[in-house]
Amino acid sequence: MKLSTPEPMTQDEKNKIAKTITERGALLPCPRCGKNQFTLADGYVNTPLQNALNEFIIGGPSIPSVAVICTNCGYISNHAIGVLGLMPANPQEAKP
């Protein structure tokens with residue numbers, strides 16, 4: 001079995017995400033170091049949801065998001081793409 005590595009986000013995708021986050025007013029400096037230098041991770045983050053702490057379900061519900069990383073201290077903040085209006089209407093239309 002060969003596992004494929006997804007392509008990193010395009011610069012156009014990153015620009016759209018950064019523009020949307022900025023338009024939503026997320027302009028404060030890093031809460032850890034106070035610097036105002038950020039980058040986006042080259043892919044999406046998928047945080048799993050679970051109903052109990054005594055079980056772990058693979059393939060269940062999750063929150064798709066983007067990771068904004070402080071380029072000074074490495075602090076990571078996640079932003080839910082559904083709330084930002086960036087979730088494709090049909091997940092099958094999303095790039096593989």
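Here the shortest heavy-atom pairing between S65 and N78 reads OG-CB, 3.8 Å.
Residues I69 and Y75 fail the side-chain proximity criterion, which asks for heavy atoms closer than 4.5 Å. Inter-residue side-chain proximity for K35 and P29 is flagged as unmet; no heavy-atom pair is nearer than 4.5 Å. Side-chain contact check for K16 versus E13: every heavy-atom pair is 4.5 Å or farther apart. Side-chain contact between F38 and C70 is present, with heavy atoms from C-beta onward closer than 4.5 Å. In this structure the side chain of V66 never reaches within 4.5 angstrom of the side chain of L86, judged on heavy atoms.
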TODO: Quick one: do I21 and L84 satisfy side chain to side chain contact (heavy atoms under 4.5 Å, CB included)? Show the steps, please.
DONE: CA-CA 7 Å; I21 291 171; L84 295 175; 3.9 Å; yes

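Atom CD of E7 is separated from atom CG of D42 by 11.0 Å, given to the nearest 0.5 angstrom. Between the CG atom in N36 and the CG atom in N72 there is a gap of 11.0 Å [rounded to 0.5 Å]. Rounding to the nearest 0.5 Å gives a distance of 8.5 Å between CG of L40 and NE2 of H79.
I81 and M9 fall within the same hydrophobic cluster, where Ile, Leu, Val, Met, Phe, Trp and Tyr residues are linked whenever their side-chain heavy atoms come under 4.5 Å apart, directly or through other members. The hydrophobic cluster containing V83 does not contain I17, counting ILVMFWY residues as joined when their side-chain heavy atoms lie under 4.5 angstrom apart, directly or transitively. One hydrophobic cluster, built from ILVMFWY side chains closer than 4.5 Å, holds both M87 and Y44.
Remark: side-chain polar atoms of R24 are not paired, donor with acceptor, to backbone N or O of K19 under 3.5 angstrom.
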Scan the side chains in residues 47-54 for donor-acceptor partners under 3.5 Å anywhere in the protein, sequence neighbours excluded, and list what turns up.
| unit_1 | atom_1 | unit_2 | atom_2 | d |
| --- | --- | --- | --- | --- |
| Q50 | NE2 | A52 | O | 2.8 |
| Q50 | NE2 | E55 | O | 3.4 |

